[in-house]
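Remember, predicted model here, so these are calculated numbers, not experimental data. Reminder, nothing fancy here: chain letters follow the sequence lines and each chain counts from 1.
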Amino acid sequence: MGVTIKDIAKAAGVSYSTVSKALRDSPLVKPQTKQKILTVAKEMGYQPNIAAKSLVSKKSNTIGVVWPTVERDALSALATKINDELEKHHYHMLLSINPIHSAVNVFNRFQVDAILVFSEKAPPNVLQSAVPILFYGEPGPSSYPTFNVNRRQAVKKAVEYLYQLGHRKIAYIGDLTKQNKNQQEKLIGFQEGCKDLHLSPSDTITVNTNGLNWQDGYQAAEQMLDICTPTAIIGGSYDISVGILRAVKKAQLKVPADISLISYDNIPQSANQDPPLTVTGAPIEKIAEQMIKSLLTLIRNESLEDIPTLDSELVIRNSCTSLRMIEG
DNA sequence: ATTTCTCGGCTCCGGAAGGC
DNA sequence: GCCTTCCGGAGCCGAGAAAT
């Protein structure tokens, strides 16, 4: 058992209510008494008991986050940013990779203040939760607010940028699974972008990775390169793009000299690749910021007006080159 | 089966002490 | 005697264990 305010009270020779006030910097405690209590607390290694605090305040200052997987770099980056953003507001984060229903159930028992559900596919029925839930990505049951980013626009921007560089033979390598709306949005963005720019359907290639891990991207790119070599590729996620990069290198080709590459997922890690990747998508700092802003609104019991869909940004680094330069 | 107690921390209310 | 300052005790919170 850890040190409690009762232990400190005994050691400091005051009552525990005085310790409580001193620790909360209450003006009702004499400065000398306060200083003595703080010194004793520090010496004894006192750490406040969150469970006890939440009993009184009816708040745990904890957010439950339902996460699909911890294995993808893109998601770890977002989880880190969300945690940073929560810390700014003195909140803690509990992460669960359980299925949505059981995670929501456990979080309610832990008495979190709100739950953020990162959903890659909509849950089949209504969730039982005493605390507010915010969905990110795939909309949940209609009664729950959803926060989203403009994936379609992101991929479209990538197509337009590659077009400006002179590319006409462009591949999109991503998860094309029909059930996953988020991934479908990216595909639609690619198709719309190509159509708007009158790219020949025979030159635009879509390759299904059947997954979002780097291995999925690697295999899909490897198979594609056996058959054809586009001048540019758009990877459907950061992890997929990492796989594509490996496959391109294995095929004795160079990015960007032989093939330009743009990755979906606007995360800082993209800059650490060789070469640093040009990326598209909403910056994860902005995603985390907007997400937590919406969550805190829900916690305050205020109604959430329309949550804005975050626009994407293209970050140009070194993985794309002008087609003229390749030819020259 | 029902009631009481326990955990740790917070807050309200009131008592003790001291100054005028 | 009154007022202010400082501190202490009771009660509360929720869930589960222990007692009845």
Side-chain angles (χ1 to χ4, degrees), chain A residues 1-67 70 79 82-119 123-136 140-141 143-145 291-304:
Chain A
M1 182 95 72
V3 178
T4 71
I5 57 169
K6 284 173 188 171
D7 300 321
I8 299 168
K10 204 174 168 186
V14 295
S15 77
Y16 55 82
S17 63
T18 304
V19 175
S20 172
K21 283 174 206 162
L23 293 174
R24 292 171 57 76
D25 200 20
S26 162
L28 298 173
V29 181
K30 225 169 23 172
Q32 298 97 299
T33 313
K34 200 181 282 180
Q35 191 51 52
K36 185 183 175 190
I37 291 168
L38 291 176
T39 307
V40 172
K42 196 176 174 187
E43 280 169 5
M44 295 177 78
Y46 170 76
Q47 291 289 334
N49 184 314
I50 292 176
K53 254 186 174 177
S54 61
L55 263 181
V56 180
S57 64
K58 290 182 176 290
K59 273 186 77 193
S60 60
N61 271 51
T62 304
I63 302 292
V65 181
V66 187
W67 216 241
V70 287
I82 289 172
N83 191 61
D84 291 348
E85 199 60 31
L86 283 172
E87 273 201 337
K88 279 188 207 164
H89 295 91
H90 310 289
Y91 272 82
H92 312 284
M93 176 170 97
L94 289 179
L95 199 67
S96 172
I97 53 171
N98 280 358
I100 295 177
H101 280 85
S102 81
V104 167
N105 189 274
V106 170
F107 284 149
N108 270 273
R109 289 167 67 183
F110 271 101
Q111 301 190 318
V112 299
D113 294 336
I115 299 172
L116 172 66
V117 178
F118 187 102
S119 65
N125 46 37
V126 174
L127 297 161
Q128 297 284 330
S129 175
V131 298
I133 298 181
L134 175 69
F135 276 80
Y136 171 64
S143 52
Y144 296 107
M291 217 180 253
I292 301 313
K293 198 174 153 194
S294 303
L295 267 180
L296 295 177
T297 306
L298 286 173
I299 291 171
R300 287 195 302 270
N301 238 336
E302 292 168 11
S303 65
L304 253 185

message = Please tell me if Ser20(A) has a side-chain N or O lying less than 4.0 Å from either OP1 or OP2 of dG9(B).
response = no

Taken to the nearest 0.5 Å, the spacing of Leu23(A) CG from Ile37(A) CD1 works out to 7.0 Å

Correct closest heavy-atom pair for Phe107(A) and Leu95(A) would be CZ-C, 4.2 Å

>> Taking Ile63(A)'s backbone N and O only, do any of them form a donor-acceptor pair with Asp113(A)'s side chain (distance below 3.5 Å, no angle check)?
In response: no

Students should find that the nucleotides of DNA chain C closing off the region near chain A, any atom under 4.0 angstrom from a heavy atom, are dC6(C) to dA15(C)

So NE2 of His92(A) and CG of Leu86(A): to nearest 0.5 Å the spacing works out to 10.0 Å

One should read off an interatomic distance between Tyr91(A) OH and His89(A) NE2, to the nearest 0.5 angstrom, of 9.5 Å

Rounding to 0.5 Å, atoms CG (Leu38(A)) and NZ (Lys42(A)) come to a distance of 10.0 Å

Comparing Lys21(A) with Tyr46(A), nearest DNA chain B nucleotide closer to 5' gives the residue Tyr46(A)

**Prompt:** Which part of the nucleic acid, if any, lies within contact of Val29(A), taking any heavy atom under 4.0 Å across all strands shown: a base, the sugar-phosphate backbone alone, or nothing?
**Reply:** sugar-phosphate

Between CD1 of Ile37(A) and P of dC10(B) the distance, given in whole Å, is 13 Å

